[in-house]
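Counting convention: from 1, in listed order, for ligands and their atoms alike. Hydrogens, waters and symmetry mates play no part in the numbers below; they use all other heavy atoms, side chains included.
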Amino acid sequence: MTDDTNARIDAVVKNNPVVLFMKGTPLFPQCGFSSRAVAILERLGVSFESVDVLQDQAIRQGIKGYSDWPTIPQLYVGGEFVGGSDIMMEMYESGELAELFQNAGAAAAEAK
Ligand SMILES: N[C@@H](CCC(=O)N[C@@H](CS)C(=O)NCC(=O)O)C(=O)O
């Protein structure tokens, strides 16, 4: 991955509380895994920034090296990699994902 791609990914991840790297857009996901990730976030009522990796091959490949995770979608909360759609689903079902967003929200509120 080039330094430029790494810097672009880093900026999106660090400057947005919740970011989903996905295929397609939340309105028109282009893959079942991305669609599932969007559905989980929408179910939790979380507002998020999305990045369509199909629009940028450098980001599509670069994000895998950035997180050391081989697939898309990828969820980042508070600058940290959380996981793909399987992990999101497990965390959603256990309540862990809702808790993560609550804690992230509390941290953002405290920082103000
Ligand atoms: N277990 C993963 C599966 C995701 C997956 O298999 N993604 C594939 C198809 S969308 C992928 O990213 N392949 C590499 C690529 O398309 O660059 C998850 O739950 O997120």
### Within-4.5 Å side-chain heavy-atom neighbours: V38 and T25
no

List, for ligand 1, each N/O atom that has a protein N/O partner under 3.5 Å away, with both atom names and the distance.
residue: ligand 1; atom: 1 (N); partner: D86; partner atom: OD2; Å: 2.9
residue: ligand 1; atom: 7 (N); partner: I72; partner atom: O; Å: 3.0
residue: ligand 1; atom: 12 (O); partner: I72; partner atom: N; Å: 2.8
residue: ligand 1; atom: 12 (O); partner: I72; partner atom: O; Å: 3.4
residue: ligand 1; atom: 16 (O); partner: K23; partner atom: NZ; Å: 2.5
residue: ligand 1; atom: 16 (O); partner: R60; partner atom: NH2; Å: 2.7
residue: ligand 1; atom: 17 (O); partner: R60; partner atom: NE; Å: 3.0
residue: ligand 1; atom: 17 (O); partner: R60; partner atom: NH2; Å: 3.4
residue: ligand 1; atom: 17 (O); partner: K64; partner atom: NZ; Å: 2.6
residue: ligand 1; atom: 19 (O); partner: S85; partner atom: N; Å: 3.4
residue: ligand 1; atom: 19 (O); partner: S85; partner atom: OG; Å: 2.8
residue: ligand 1; atom: 19 (O); partner: D86; partner atom: N; Å: 2.8
residue: ligand 1; atom: 19 (O); partner: D86; partner atom: OD1; Å: 3.1
residue: ligand 1; atom: 19 (O); partner: D86; partner atom: OD2; Å: 3.3
residue: ligand 1; atom: 20 (O); partner: S85; partner atom: N; Å: 2.9
residue: ligand 1; atom: 20 (O); partner: S85; partner atom: OG; Å: 3.3

Result for side chain to side chain contact (heavy atoms under 4.5 Å, CB included) between K23 and one of P29, S35, S34 points to S34

Applied to residues 70-85, the salt bridge (charged side-chain N to carboxylate O under 4.0 Å, His left out) test, sequence neighbours excluded, yields none

Can you confirm whether or not the ring centre of F21 sits under 6.0 Å from the ring centre of Y76? yes

Applied to residues 58-74, the salt bridge (charged side-chain N to carboxylate O under 4.0 Å, His left out) test, sequence neighbours excluded, yields none

Compile the donor-acceptor pairs under 3.5 Å between side chains in residues 50-58 and protein atoms, sequence neighbours left out, one pair per line.
residue: D52; atom: OD1; partner: G24; partner atom: N; Å: 2.9
residue: D52; atom: OD1; partner: L54; partner atom: N; Å: 2.9
residue: D52; atom: OD2; partner: Q55; partner atom: NE2; Å: 3.3
residue: D56; atom: OD1; partner: A58; partner atom: N; Å: 3.0
residue: D56; atom: OD1; partner: I59; partner atom: N; Å: 3.2
residue: D56; atom: OD2; partner: R8; partner atom: NH1; Å: 2.9
residue: D56; atom: OD2; partner: R8; partner atom: NH2; Å: 3.2

